[in-house]
Structures are given as structure tokens and as C-alpha cells.
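Each remark here refers to the structure printed beneath this line.
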2 protein chains.
Amino acid sequence: MLIEQRLEKIKAIIEVERSATMAYLAEKLKVSKDTIRRDLIKLEDQNILRRTHGGAVSLDREAAIFNYQQRSKKHNQIKEQIAYKTAELIKNNCSIIFDSSTTVEAVIRKLHNKTIYAITNSLTHAILLAQFKKTEVAVLPGALHKEQLFLYGSETVKKIEHYHTDYTILGVFAISADGLFIHTEAEGLVKRQMIEQGDTVIAVADHTKLNTTGLFKVCDLNAIDVLITDQVPQQEFLTSLQNNNVNIITLD
Amino acid sequence: MLIEQRLEKIKAIIEVERSATMAYLAEKLKVSKDTIRRDLIKLEDQNILRRTHGGAVSLDREAAIFNYQQRSKKHNQIKEQIAYKTAELIKNNCSIIFDSSTTVEAVIRKLHNKTIYAITNSLTHAILLAQFKKTEVAVLPGALHKEQLFLYGSETVKKIEHYHTDYTILGVFAISADGLFIHTEAEGLVKRQMIEQGDTVIAVADHTKLNTTGLFKVCDLNAIDVLITDQVPQQEFLTSLQNNNVNIITLD
DNA sequence: CAATCTTTTGCAATCTTTTGCATTTTTTTG
DNA sequence: CAAAAAAATGCAAAAGATTGCAAAAGATTG
């Protein structure tokens with residue numbers, strides 16, 4: 001492989017995943033960490049990324065453009081790990097409905113070398129997915145949520161019905177023994193329909209979302225096939241999940 | 001094989017694949033690496049590619065970006081003025097279908113203090129419109145064009161039928177006495193349906209688009225209500241426009 | 001048409017760049 | 001502060017570039 005080709009690949013990975021460790025890049029590109037380090041120095045000189053201890057991060061031009069909210073470093077890491085676990089579950093060559101959520105976005109960033117037919121109501125997800133060579137993207141219609149840049153409303157729900165996918169990946173706002181919850185009906189109806197259309201429904205949530213509820217109930221626990229989270233839930237809630245045949249995956 | 005033929009083949013390969021190793025080219029063209037090396041030196045002298053360790057990479061991405069920047073700079077002022085003239089026409093409190101085009105984007109930027117119900121198939125327009133306080137945005141469904149970030153396909157067309165708006169604002173790829181043209185059918189069908197649904201159809205085009213045609217005919221001139229451009233068209237074309245009741249607005 | 005000249009091509013010898021490893025220095029983290 | 005991880009540095013092997021050369025193919029010329 002040409003050096004230039006390797007540099008292009010590194011650029012692409014950093015752009016999509018926003019960061020990468022040298023070990024990961026070395027493994028992926030089949031060269032030593034030393035070589036990766038030298039490559040990263042070149043790319044840093046070109047102002048394409050910023051080197052960090054053990055890897056590199058993107059310069060995040062997107063962040064300025066899209067007004068992403070700031071997230072704490074610790075929280076981010078958990079999210080990254082949940083995303084990684086989730087991506088491991090996804091078979092190649094499949095169709096996926098992606099719910100609008102920052103955790104789901106982290107999952108998407110891990111999927112860039114899989115062949116996927118993607119359906120989403122999130123403009124930010126759609127733009128991210130558009131960078132993937134092997135991915136086809138369909139965007140749902142609807143009214144645009146002006147802050148969070150997702151589509152919702154009856155048009156959105158109606159259109160989702162036309163699809164049937166291998167997976168639905170949902171970001172969780174609140175989940176308890178009573179089911180999945182969210183704070184607005186508009187979003188809830190969209191999520192509810194997305195759940196209907198996916199063969200395997202995967203919910204991703206950090207532990208702060210566990211055992212909490214919200215205004216609008218999206219569905220019962222038995223509608224969820226897999227819950228991916230960072231900590232093992234409390235016994236009572238865990239039993240509820242097991243009784244509803246929810247497959248639980250934690251980070252340990 | 002003639003040397004010229006071999007050089008052409010190398011050019012073609014580099015253009016398509018953006019880079020190639022000498023080993024690959026030598027194998028493909030059945031000559032030694034030394035010969036390939038000499039060929040690459042020739043092509044580098046002609047500024048057709050850039051040689052690297054072990055192969056060569058294409059220049060045209062860099063060149064394309066440069067050209068694009070040049071082009072946008074040059075046309076920027078004209079585009080801005082066309083956009084300004086167009087925005088003047090738009091009444092407050094109206095519904096508008098926005099076609100995907102950079103000139104249309106310039107128009108949108110002039111509309112930020114008007115109350116608008118906006119419909120678009122462009123993700124970039126949608127995100128821009130989302131920043132306007134008084135604007136409501138609906139996004140059309142469809143397959144995502146991964147480079148230009150607009151939605152197209154039968155889903156898009158079908159959905160447009162459900163709307164009826166005060167205006168449709170179209171970016172023009174080519175316009176002549178024979179009508180409005182574009183280079184792909186997929187885009188053309190979307191534009192055609194957008195034209196159907198707007199009470200007033202406004203086409204925006206700088207003078208380079210006038211009196212030219214393209215592969216796919218979108219509509220006849222009489223489907224256009226207003227054409228906004230920078231220079232008065234040539235007499236013959238002007239007469240065609242007038243015969244078809246196209247209102248012509250120029251910068252003077 | 002034959003002798004000569006030019007161009008192209010592959011090969012060998014030498015120089016340069018790239019890469020991985022070992023060692024030392026620096027940074028991070030508990 | 002000390003252990004661990006990562007960065008920097010120097011070095012040697014491998015891959016590639018350059019140069020010179022000679023054989024083969026083609027062009028030129030008398």
C-alpha cells in the first residue's frame with residue numbers, strides 16, 4: 001500500500017470516528033505503531049488532526065457547524081464503549097433504522113466499514129452516514145426539530161411503516177420496569193413506530209437512564225430485544241428485564 | 001502496445017482509483033516496474049499526477065477543490081445580487097419549496113427575517129433554515145445523494161405532490177428556448193414535481209446558464225413564472241421567454 | 001535493403017526513503 | 001513519587017529510486 005493511501009485511510013477514520021488510538025490504527029492498517037506515529041505527525045503538520053497521547057483526534061470542524069452540545073470526557077468514554085459493544089452486534093449487509101440520539105450517533109461512527117442500508121429521521125446522522133462508502137441512506141420526511149435537527153410528526157410515522165428492517169437502534173431517554181419513556185409525544189410516536197418495523201430492537205442507554213421514567217410511554221419492555229448499557233441494573237429492574245426477554249449487555 | 005496507449009491507461013487508472021502502486025500498474029500493463037517508473041515521470045512532467053514512493057496519486061481532487069473555490073469566488077458576488085433580487089419578491093408569511101442548489105442557498109440566506117413555511121429536499125438548506133426563528137421547515141423523504149446531500153427518487157416526488165405552495169424557487173442548471181434542463185433524470189423529476197406544486201415558480205440563474213441545454217428536460221419555458229439573472233438574455237432567447245410569459249428580472 | 005542511429009526496455013549497482021525494533025526520555029495515572 | 005504507557009531517538013533491514021548500461025525494437029538514411 002502507498003503511504004498516501006494509508007494517510008487517506010487514517011484521515012477517513014479520524015473524520016468519522018473523531019478519534020482513534022495508535023494501537024487501533026496499527027491493527028487496522030497492518031503496520032507498526034511507530035509508523036502510525038510518524039503518519040500522525042505528518043497529518044498533524046498538515047493541520048488535519050491533533051495528536052494526543054496514544055492516538056489522535058479530529059479537529060472537529062463539525063462541532064462548530066452543527067452546534068453539538070459539550071459533553072464531559074468521562075461520559076463520552078462510556079458512550080464510546082457502549083457504541084463499540086453495539087456495533088459488534090450488527091451483522092454486515094443489513095438494514096437499520098437509526099433513531100435520533102447522540103448515543104446512536106456514536107454507534108454509527110463505529111459502523112463505517114459495514115455495508116448498511118440506513119434509514120433515519122436525523123439530519124446529522126444522515127450527513128454522517130453519507131460519508132460511508134458502503135452505505136445507502138434514506139431520510140424520512142417530516143417537520144424539522146430546529147434545535148436537534150431531527151424529523152417528526154405524522155408524516156414521519158406514516159413513512160416509517162413502509163419499511164421493515166433487520167435492526168432498529170434506539171437512544172433511550174428513560175427506561176424502567178414500566179417500559180421506555182420520553183419527554184415529548186412527538187418523539188415518542190416516532191420511536192414507537194421505529195420499534196414496530198425492526199426485527200431486532202436494540203436500545204442503548206448509559207446507567208443514568210436506568211430506572212427512570214418520563215412523560216410519554218413509548219413501549220413496554222418486551223418490545224425491546226437488546227439493552228446495551230454500562231452498568232448491571234439493580235436486581236429488581238434486572239428481573240423485570242429478564243422476565244420480558246430483554247437481552248442485557250453491559251460493559252464488563 | 002504503444003507507449004501512448006500505456007500512458008493513457010495509466011492516466012485512466014489513476015483518475016479512477018486516485019492512486020496506484022507501481023507493482024499494481026506493472027502487473028496490470030505487463031511491463032517492468034522500471035518502465036512504469038519512467039512512464040510516471042513523464043506523466044508527472046505533464047502535471048497529470050504526482051509521483052510518490054512506490055506509485056503515484058492523482059492531482060485532480062486538489063485541482064477540483066481549487067477550481068471550485070475559484071469558481072465560487074468569481075460567481076459569488078453575482079450570486080449574492082441575484083439572491084437579493086429574488087428575496088425582494090418573496091412576500092412575508094408564505095410557503096416555499098426550495099430546490100437543492102447553491103444559488104437557492106444564497107436566496108435562503110436573504111430570507112432570515114421573514115415568516116416562512118419551508119419545504120426542501122436539501123439537507124444543507126434544511127439545516128440553514130433551522131436557524132431562522134420565524135421559519136418552519138419540512139423535509140422531504142427520499143434516497144440521499146451522498147455528495148450533494150439532497151434527497152431524490154420516487155418517494156421524494158410522490159411526497160412533493162402533497163404540498164401546494166406560494167412559491168417554488170429553483171436553481172437552474174441550463175435554460176434555453178426549449179425549456180429547463182438538468183444532467184440527471186433523478187434530479188429532473190424532483191424539480192418537475194416542485195414546479196407543479198408552486199403557485200409562482202421562480203428560477204434563479206447566472207448568465208452562464210442561459211441559452212444552454214442538458215440531458216434531461218425538466219419543463220417548457222411556460223412553466224416558469226419568473227427568471228432572475230444577472231444579464232439581459234440575447235434577443236432571440238429573450239423573445240422566447242416573453243412569448244412564454246416568463247417575467248424576466250435582471251440586475252440592472 | 002543494409003548500415004547506422006534513436007528509442008525503449010529490463011537489469012544491475014548504488015543511493016535514498018521507509019519501516020520496525022531497541023533504547024532512552026517524557027508523560028500519564030494511581 | 002513510582003510504575004506504566006507513550007514519545008522520541010538512533011539504527012539496521014527492506015523497499016524503492018536513481019543511474020548507467022546493454023540488448024532489442026524501430027526509425028532513418030544513403
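Because the structure is predicted, anything quoted here is derived from the model rather than measured. Order of the sequence lines fixes the chain letters, A, B, ..., with proteins taken first and strands second; residue numbering starts at 1 for each chain. Below, each value reflects all heavy atoms present in this structure, side chains not excepted, and no hydrogens, waters or symmetry copies.
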Expressed in angstrom and rounded to an integer, what is the separation of Glu44(A) atom CD from dA8(D) atom C1'? 14 Å

Have a look at Thr52(A) and say if it touches a base, only the backbone sugar-phosphate, or nothing, with a 4.0 Å heavy-atom cut-off. sugar-phosphate

For His125(B) and Phe98(B), take the angle between the two ring planes, folded into 0 to 90°, and tell me which bin it lands in: parallel under 30, tilted 30 to 60, perpendicular over 60. perpendicular

Can we say Glu17(A) and Arg109(A) salt-bridge, meaning some charged N sits less than 4.0 Å from an Asp/Glu carboxylate O? no

Work out which heavy atom in Asn47(A) is nearest to a heavy atom in Leu59(A); give both atom names and the distance. O-CD1, 3.1 Å

Could you state the atom-to-atom distance from CZ of Arg37(B) to C1' of dA17(D) in whole Å? 5 Å

Protein heavy-atom contacts under 4.0 Å, written 5' to 3' over nucleotides 12-20 of chain C as B (base), S (sugar-phosphate only) or - (none), form the string B----SSBB

For Ile41(B) and dG16(D), give me the distance from atom CD1 to atom P, rounded to whole Å. 16 Å

If you look at every heavy atom in Val16(A) and Leu128(A), which pair is closest and at what distance? O-CD1, 4.4 Å

Ring center gap for Phe173(B) and His183(B) short of 6.0 angstrom: yes

Leu25(A) atom CG is separated from dA7(D) atom C1', nearest whole Å, by 16 Å

Please work out the stems of DNA chain D from pairs that are Watson-Crick or G-U wobble with both distances under 3.5 Å, keeping only runs of three or more consecutive pairs. C:1-30 with D:1-30

Between Arg51(B) and dT18(D), is there a contact of a side-chain N or O with OP1 or OP2 at under 4.0 Å? yes

Could you check whether any side-chain N or O of Thr35(B) sits under 3.5 Å from a backbone N or O of Val31(B), counting only pairs where one atom can act as donor and the other as acceptor? no

Salt-bridge contact Glu27(B)-Lys30(B) (side-chain N to carboxylate O under 4.0 Å): yes

Can you find a pair of side-chain heavy atoms, one from Tyr152(A) and one from Glu187(A), that are under 4.5 Å apart? no

